[in-house]
Amino acid sequence: MPPIRPCKPRVFVDADVLFAGAASPSEHGASLVILRMSEITLIEALASQQVIAEAERNLEEKLRQALPAFRLLVSRCLRVVPDPRSEDLAAYAGAADPKDLPILVAAVREACPWLVTFNVHHFQPGHPKLTILRPGAFVLRVRDLLAYLSPTEEREP
(Lines give C-alpha, C1' and ligand atoms only; values in the text may rest on other atoms or scores of the structure.)
Protein backbone atom coordinates (compact mmCIF):
# COMPACT_ATOMS: atom_id res chain seq x y z
CA MET A 1 0.00 0.00 0.00
CA PRO A 2 1.44 3.44 -0.92
CA PRO A 3 2.14 5.84 1.94
CA ILE A 4 -0.58 8.35 2.75
CA ARG A 5 0.52 11.87 1.85
CA PRO A 6 -1.00 14.58 4.00
CA CYS A 7 -2.75 17.37 2.15
CA LYS A 8 -1.17 20.79 2.12
CA PRO A 9 -3.09 23.46 4.03
CA ARG A 10 -5.31 25.37 1.60
CA VAL A 11 -5.83 29.10 1.94
CA PHE A 12 -7.99 31.38 -0.16
CA VAL A 13 -6.50 34.85 -0.62
CA ASP A 14 -8.48 38.04 -1.20
CA ALA A 15 -7.54 40.81 -3.64
CA ASP A 16 -6.18 43.10 -0.91
CA VAL A 17 -3.66 40.41 0.08
CA LEU A 18 -2.50 40.08 -3.54
CA PHE A 19 -2.25 43.86 -3.82
CA ALA A 20 -0.18 44.07 -0.63
CA GLY A 21 2.04 41.16 -1.69
CA ALA A 22 2.78 42.68 -5.10
CA ALA A 23 3.35 46.15 -3.63
CA SER A 24 5.38 45.00 -0.62
CA PRO A 25 8.59 46.98 -0.15
CA SER A 26 9.93 44.11 1.98
CA GLU A 27 10.19 40.35 1.60
CA HIS A 28 8.91 40.08 5.19
CA GLY A 29 5.37 41.46 4.79
CA ALA A 30 2.78 38.87 5.80
CA SER A 31 0.93 39.00 2.46
CA LEU A 32 4.09 38.29 0.50
CA VAL A 33 5.18 35.63 3.00
CA ILE A 34 1.88 33.77 2.42
CA LEU A 35 2.40 33.86 -1.34
CA ARG A 36 6.01 32.68 -0.94
CA MET A 37 4.85 29.81 1.30
CA SER A 38 2.64 28.74 -1.57
CA GLU A 39 5.43 29.15 -4.09
CA ILE A 40 7.65 26.75 -2.13
CA THR A 41 4.65 24.37 -1.77
CA LEU A 42 4.35 24.65 2.01
CA ILE A 43 0.70 25.63 1.53
CA GLU A 44 -1.69 25.80 -1.43
CA ALA A 45 -2.96 29.33 -2.10
CA LEU A 46 -6.05 29.82 -4.22
CA ALA A 47 -7.86 32.83 -5.62
CA SER A 48 -10.87 33.24 -7.86
CA GLN A 49 -10.94 35.05 -11.16
CA GLN A 50 -12.85 37.89 -9.44
CA VAL A 51 -10.02 38.29 -6.92
CA ILE A 52 -7.37 38.40 -9.65
CA ALA A 53 -9.33 40.96 -11.70
CA GLU A 54 -9.96 43.18 -8.66
CA ALA A 55 -6.32 43.16 -7.56
CA GLU A 56 -5.10 43.87 -11.08
CA ARG A 57 -7.61 46.71 -11.56
CA ASN A 58 -6.57 48.31 -8.25
CA LEU A 59 -2.87 48.02 -9.09
CA GLU A 60 -3.45 49.57 -12.53
CA GLU A 61 -5.20 52.53 -10.86
CA LYS A 62 -2.88 53.01 -7.89
CA LEU A 63 0.48 51.34 -8.41
CA ARG A 64 1.18 50.45 -12.04
CA GLN A 65 4.85 49.66 -11.36
CA ALA A 66 3.77 46.68 -9.22
CA LEU A 67 1.89 44.97 -12.07
CA PRO A 68 4.85 42.85 -13.27
CA ALA A 69 5.45 41.57 -9.71
CA PHE A 70 1.72 40.87 -9.37
CA ARG A 71 1.58 38.86 -12.59
CA LEU A 72 4.64 36.86 -11.57
CA LEU A 73 3.13 36.11 -8.15
CA VAL A 74 -0.14 34.96 -9.73
CA SER A 75 1.66 32.63 -12.13
CA ARG A 76 4.03 31.16 -9.53
CA CYS A 77 2.09 31.19 -6.28
CA LEU A 78 -1.64 30.77 -6.93
CA ARG A 79 -4.11 28.31 -8.29
CA VAL A 80 -6.78 30.45 -9.94
CA VAL A 81 -10.27 28.96 -9.75
CA PRO A 82 -13.49 29.97 -11.51
CA ASP A 83 -15.94 32.34 -9.90
CA PRO A 84 -19.06 30.69 -8.50
CA ARG A 85 -22.20 30.81 -10.64
CA SER A 86 -24.79 33.36 -9.58
CA GLU A 87 -27.27 30.58 -8.77
CA ASP A 88 -24.75 29.14 -6.28
CA LEU A 89 -24.72 32.37 -4.25
CA ALA A 90 -28.33 32.23 -3.02
CA ALA A 91 -27.66 29.51 -0.44
CA TYR A 92 -25.03 31.78 1.18
CA ALA A 93 -27.02 35.03 1.16
CA GLY A 94 -26.16 37.19 4.16
CA ALA A 95 -22.91 35.34 4.96
CA ALA A 96 -20.77 38.22 3.63
CA ASP A 97 -21.00 41.65 2.10
CA PRO A 98 -22.82 41.14 -1.24
CA LYS A 99 -19.76 42.30 -3.23
CA ASP A 100 -17.56 39.77 -1.44
CA LEU A 101 -20.05 36.90 -1.26
CA PRO A 102 -18.69 35.23 -4.43
CA ILE A 103 -15.24 35.13 -2.80
CA LEU A 104 -16.60 33.45 0.33
CA VAL A 105 -18.56 30.95 -1.76
CA ALA A 106 -15.51 30.13 -3.89
CA ALA A 107 -13.42 29.54 -0.75
CA VAL A 108 -16.03 27.19 0.71
CA ARG A 109 -16.49 25.39 -2.63
CA GLU A 110 -12.73 24.82 -2.89
CA ALA A 111 -12.61 23.39 0.68
CA CYS A 112 -10.27 26.09 1.97
CA PRO A 113 -10.43 26.22 5.76
CA TRP A 114 -8.93 29.74 5.72
CA LEU A 115 -9.74 32.93 3.85
CA VAL A 116 -7.06 35.59 4.26
CA THR A 117 -8.07 39.24 3.88
CA PHE A 118 -7.50 42.62 5.47
CA ASN A 119 -11.26 43.20 5.28
CA VAL A 120 -12.36 40.62 7.84
CA HIS A 121 -15.59 42.52 8.55
CA HIS A 122 -16.68 42.15 4.88
CA PHE A 123 -16.96 38.39 5.45
CA GLN A 124 -19.23 38.40 8.51
CA PRO A 125 -21.02 36.46 9.79
CA GLY A 126 -19.06 34.06 7.57
CA HIS A 127 -19.42 30.32 7.19
CA PRO A 128 -18.77 27.56 9.76
CA LYS A 129 -16.27 25.79 7.49
CA LEU A 130 -14.21 28.93 6.96
CA THR A 131 -11.94 30.90 9.31
CA ILE A 132 -11.41 34.49 8.18
CA LEU A 133 -7.97 35.85 9.15
CA ARG A 134 -5.77 38.85 8.43
CA PRO A 135 -2.45 37.94 6.77
CA GLY A 136 -0.38 38.43 9.93
CA ALA A 137 -2.70 36.19 11.95
CA PHE A 138 -2.48 33.46 9.29
CA VAL A 139 1.33 33.60 9.28
CA LEU A 140 1.30 33.25 13.08
CA ARG A 141 -1.07 30.28 12.77
CA VAL A 142 1.29 28.55 10.32
CA ARG A 143 4.26 29.30 12.58
CA ASP A 144 2.42 27.74 15.53
CA LEU A 145 1.59 24.65 13.47
CA LEU A 146 5.23 24.28 12.45
CA ALA A 147 6.37 24.72 16.05
CA TYR A 148 4.03 21.90 17.02
CA LEU A 149 6.01 19.60 14.71
CA SER A 150 9.33 20.31 16.41
CA PRO A 151 10.60 18.15 19.27
CA THR A 152 9.42 19.30 22.68
CA GLU A 153 12.41 18.10 24.68
CA GLU A 154 15.01 20.60 25.75
CA ARG A 155 18.15 20.60 23.64
CA GLU A 156 21.56 20.67 25.22
CA PRO A 157 23.56 23.88 24.47
Note: Asp144-Arg141 ion pair, threshold 4.0 Å (strictly below):
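So Asp144 does not pair with Arg141 through a salt bridge.
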Do you know which of Val116, Val81, Leu104 makes side chain to side chain contact (heavy atoms under 4.5 Å, CB included) with Phe12?
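Answer to the side chain to side chain contact (heavy atoms under 4.5 Å, CB included) test with Phe12 among Val116, Val81, Leu104: Val81.
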Among Leu130, Val11, Leu133, exactly one meets side chain to side chain contact (heavy atoms under 4.5 Å, CB included) together with Leu115. Which residue is that?
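Per the side chain to side chain contact (heavy atoms under 4.5 Å, CB included) rule, the option paired with Leu115 is Leu130, out of Leu130, Val11, Leu133.
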Of all heavy-atom pairs between Ala45 and Cys77, which one has the smallest distance, and what is that distance?
CB-O, 3.7 Å
More than 12 heavy atoms from other groups under 6.0 Å of NE2 on His28
no
Test your reading of the model: is there a side-chain donor-acceptor pair from Asp97 to the backbone of Lys99, 3.5 Å cut-off?
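Flag set: sc Asp97 to bb Lys99 pair under 3.5 Å.
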Does one side chain, of Asp14 or Asn119, offer a donor that lies under 3.5 Å from an acceptor on the other?
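Note: Asp14 and Asn119 side chains miss the donor-acceptor criterion.
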Asp83 side chain to Gln50 backbone, donor-acceptor under 3.5 Å
yes
Within the 6.0 Å centroid threshold, strictly below: Trp114 and Phe138:
yes
Smallest separation among heavy atoms of Val105 and Pro84, with atom names
CG1-CB, 3.7 Å
Carboxylate-amine/guanidinium contact Glu39 Arg76, below 4.0 Å
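The answer is yes: the pair qualifies as a salt bridge.
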Linked, directly or transitively: Ile43 and Val80 (ILVMFWY side chains, under 4.5 Å)
yes
